[in-house]
Amino acid sequence: MQLNTDFSAVLNQAVFQHLKAAAAELGVETYVVGGFVRDYLLGRKKEVTDIDFVCVGSGIELAKTVQKRLPNAAKISIFKTYGTAMIKFEGMALEFVGARKESYHKESRNPVVEAGTLKDDQNRRDFTVNALAVSLNESDFSTLIDPFNGLEDLKKGVLRTPLDPVVTYSDDPLRMLRAIRFATQLDFEIESNSLEAIVQEKKRMEIITKERIVDELHKIMATQQPSKGFLLLDQVGLLEDILPELTALKGIDEVEGQTHKDNFYHTLEVVDNICENTTNLWLRWAALLHDIGKAPTKKFSKTNGWTFHAHEFVGAKMVYKLFKRLKMPLNEKMKFVQKMVFMSSRPIVLAQDIVTDSAVRRLVFDAGDHVDDLLTLCEADITTKNPKRFARYHQNFKLVREKIVEVEERDRVRNFQPPVSGELIMQTFGLSPCKEIGIIKEKIKEAILEGEIPNEFEAAKLLMEKEGKALGLKKVANEK
Ligand code: ATP
């Protein structure tokens, strides 16, 4: 891997020049460190959202001095307890910290800190590739300080801890998830001693809050190939603790020579597939969870072979429990994931069969605005290795998408509003609220979905009159 080791051009940018001047004014050694340096060296094409600065002195004082130099009254936030500060500048978060030494206690991932040297500060960083620092001092401006050979690790694509990995992970177990997340984001390997240390220390994850765990899962989900992260989580034994619903999908059973697919590996394939077509985090979660109901519903019978009866319904209920356990939002995001899981098998039938207008109308009616997302999920769900079937299913979904546009233009059943209201039914037959109104409305809806009448007022009104008559209702004289 070729690295961009020449920092001179990028350090000409205003932000670094302000830093250099502030550091000189205060007379404190200052460095840019962490993700910015790593990603610049790698030439990662990603928007810079945060830059970390470390100084041998007070990070807060440095931040205040920088702020005074920045145009347009940049906003500063000071976190006294942590001795850190943050400035918002040109859409970026500039993070400041004083170089520190850390010592940890068993019960907490928050260390006791004392002031230290740059080397002490680099020691406390999680990975050698995150411990690289570039000087912003006049004497050696733009020099890379790399005490752990992080450059070599970057070239080789390896994640290694600066100190003993067992101590590093035990001190702050969040680093285990960070290792797996960086391995997924950067497509790096975790060095073998590190992997062993994670297996050994995985119990320490107990002290990490659910919110932080989910934050890392989201970051894994946001990568191009989340399967890499989930396979690593599984390999070290963390997946079973965090998402047991997924590990329960593992394995292929065989009874009387009949097998079913391994739904764990299938799921991971579906997630990778969907990532090629959407950046919607929650749709990606839906792909991850779409089959979780299969473990508790799996059955074998002589007549039907392997079945997963109502797994979509069971899976949707499990989504709620999973979100609750992981303290994920129980709002419309969760409902969206539930809906996708619940409906995940619906379009499959269409892909295998002849696509009728009424089946498409029903799909659009039930999925509403989420029908495109649902199809994206179903297309990702095609993991058959039979090329003919693969092509046929995709072709059929293409047809479904075309029919959706056609049917929608004609019948407008997405976010369906009944063309005759309950009010009109009551007026027509002189009724007070009663079950006949619901029956008539349902008949009208069904007739529209089946294509028996168009989704229009006049046609619906005629049907209303006919159905009312069939129920023995009489039109009242003053009906308008
Ligand atoms: P990205 O912003 O792409 O997630 P990053 O490396 O900048 O990557 P941050 O979480 O912003 O990640 O952390 C900045 C730096 O702080 C890291 O590069 C690392 O040096 C250090 N760091 C962050 N969290 C930890 C931790 N839990 N243990 C040790 N060092 C850490």
Side-chain angles (χ1 to χ4, degrees), residues 47 49 174 177-178 180-181 184-185 205 208-230 233 238-239 241-249 263-264 266-296 310-348 363-381 404 414-416:
E47 199 191 335
T49 52
L174 184 68
L177 286 184
R178 285 174 60 88
I180 292 173
R181 186 252 293 184
T184 317
Q185 279 181 329
M205 281 298 293
I208 302 297
T209 63
K210 299 283 191 292
E211 288 83 351
R212 284 191 190 278
I213 293 175
V214 168
D215 196 40
E216 293 298 331
L217 292 180
H218 282 339
K219 288 181 178 167
I220 291 173
M221 280 300 241
T223 64
Q224 272 178 349
Q225 212 189 334
S227 64
K228 175 159 181 161
F230 288 103
L233 285 171
L238 279 171
L239 192 62
D241 298 338
I242 301 172
L243 290 168
E245 296 85 352
L246 286 185
T247 48
L249 294 175
N263 284 305
F264 176 66
H266 163 72
T267 291
L268 295 186
E269 237 184 289
V270 177
V271 174
D272 286 351
N273 283 347
I274 211 163
C275 290
E276 288 178 17
N277 294 316
T278 183
T279 54
N280 177 343
L281 180 67
W282 300 103
L283 186 53
R284 289 178 174 206
W285 270 96
L288 186 72
L289 304 180
H290 80 286
D291 268 350
I292 53 175
K294 282 194 172 169
H311 78 83
E312 304 86 349
F313 177 73
V314 173
K317 290 199 148 189
M318 289 166 75
V319 166
Y320 169 77
K321 288 194 187 141
L322 185 154
F323 270 53
K324 192 150 188 243
R325 184 183 74 236
L326 291 179
K327 301 215 166 91
M328 288 165 78
L330 298 176
N331 56 13
E332 75 288 351
K333 309 256 178 6
M334 191 268 308
K335 289 199 182 120
F336 168 76
V337 176
Q338 278 192 307
K339 185 167 182 180
M340 290 296 107
V341 172
F342 182 60
M343 294 195 70
S344 58
S345 305
R346 281 279 300 277
I348 309 270
L363 185 71
V364 177
F365 176 79
D366 290 335
D369 278 339
H370 298 138
V371 71
D372 293 329
D373 286 339
L374 183 62
L375 280 168
T376 304
L377 173 59
C378 291
E379 282 160 345
D381 204 3
I404 287 176
R414 192 187 285 227
N415 304 322
F416 179 80

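Quick caveat: nothing in here was measured; it's all calculated off a predicted structure.
- Side chains of L177 and L238 form a contact here, defined as non-hydrogen atoms less than 4.5 Å apart.
- The minimum heavy-atom distance between G229 and T184, with the atom names listed, is CA-OG1, 3.1 Å.
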Before giving the answer on side chain to side chain contact (heavy atoms under 4.5 Å, CB included), spell out for L374 and M340 the whole-Å C-alpha distance, their side-chain angles and the decisive distance to 0.1 Å.
CA-CA 6 Å; L374 183 62; M340 290 296 107; 4.2 Å; yes
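- Panel note: side chain R284, backbone I274; no donor-acceptor pair is recorded below 3.5 Å.
- Residues R212 and R178 are not in side-chain contact: their nearest non-hydrogen atoms beyond the backbone lie 4.5 Å or more apart.
- Taking the side chain as every heavy atom from C-beta outward, W285 and M328 approach each other to under 4.5 Å.
- Side-chain contact between H290 and D381 is present, with heavy atoms from C-beta onward closer than 4.5 Å.
- Rounding to the nearest 0.5 Å gives a distance of 12.0 Å between CD1 of I208 and CG of D215.
- The two residues V270 and A287 have their closest heavy-atom pair at CG1-CB, 4.1 Å.
- Across V337 and W282, no two heavy atoms sit closer than the pair CG2-O, 3.6 Å.
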With a cut-off of 3.5 Å and sequence neighbours excluded, list every side-chain donor-acceptor pair involving residues 319-326.
unit_1 : atom_1 : unit_2 : atom_2 : d
R325   : NH1    : E245   : OE2    : 2.6
R325   : NH2    : I242   : O      : 3.1
R325   : NH2    : E245   : OE1    : 3.1
R325   : NH2    : E245   : OE2    : 3.3

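- Using a 4.5 Å heavy-atom cutoff, the side chains of K294 and L249 are in contact.
- Of all heavy-atom pairs between H311 and S345, the closest is NE2-OG, 3.8 Å.
- The shortest side-chain heavy-atom distance between L217 and L233 falls under the 4.5 Å cut-off.
- Taking 4.5 Å as the limit, some side-chain heavy atom of M221 sits within range of a side-chain heavy atom of F230.
- For the residue pair S344 and L377, the shortest heavy atom distance occurs at CB-CD2, 4.0 Å.
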Evaluate side chain to side chain contact (heavy atoms under 4.5 Å, CB included) for E216 paired with L174, printing each intermediate quantity in order.
CA-CA 9 Å; E216 293 298 331; L174 184 68; 4.1 Å; yes
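- F342 CZ: 12 or fewer foreign heavy atoms inside a 6.0 Å radius.
- Every residue meeting the salt bridge (Lys or Arg N to Asp or Glu O under 4.0 Å) condition with D366, not counting sequence neighbours, appears here in chain and number order: R346.
- When all heavy atoms of T267 and N263 are compared, the closest pair comes out as OG1-O, 2.7 Å.
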Please assess L375 against I404 for the test side chain to side chain contact (heavy atoms under 4.5 Å, CB included), listing each intermediate value before the final yes or no.
CA-CA 11 Å; L375 280 168; I404 287 176; 3.3 Å; yes
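- For the atom pair CD of Q225 and CG of L268, the computed distance is 10.0 Å after rounding to the nearest 0.5 Å.
- With values rounded to the nearest 0.5 angstrom, E276 atom CD is found 9.0 Å from Q224 atom CD.
- Formation of a donor-acceptor pair under 3.5 Å by the E312 side chain with backbone atoms of M343 is not found in this model.
- Between the CG atom in L246 and the CG atom in D291 there is a gap of 10.0 Å [rounded to 0.5 Å].
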Go through it in stages, so that I can follow the logic: the residues are K228 and D272, the test is side chain to side chain contact (heavy atoms under 4.5 Å, CB included), and I'd like the CA-CA distance, side-chain angles, deciding distance and then a yes or no.
CA-CA 9 Å; K228 175 159 181 161; D272 286 351; over 6 Å; no
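- Side-chain atoms of I213 and M205, non-hydrogen and from C-beta on, do get closer than 4.5 Å to each other.
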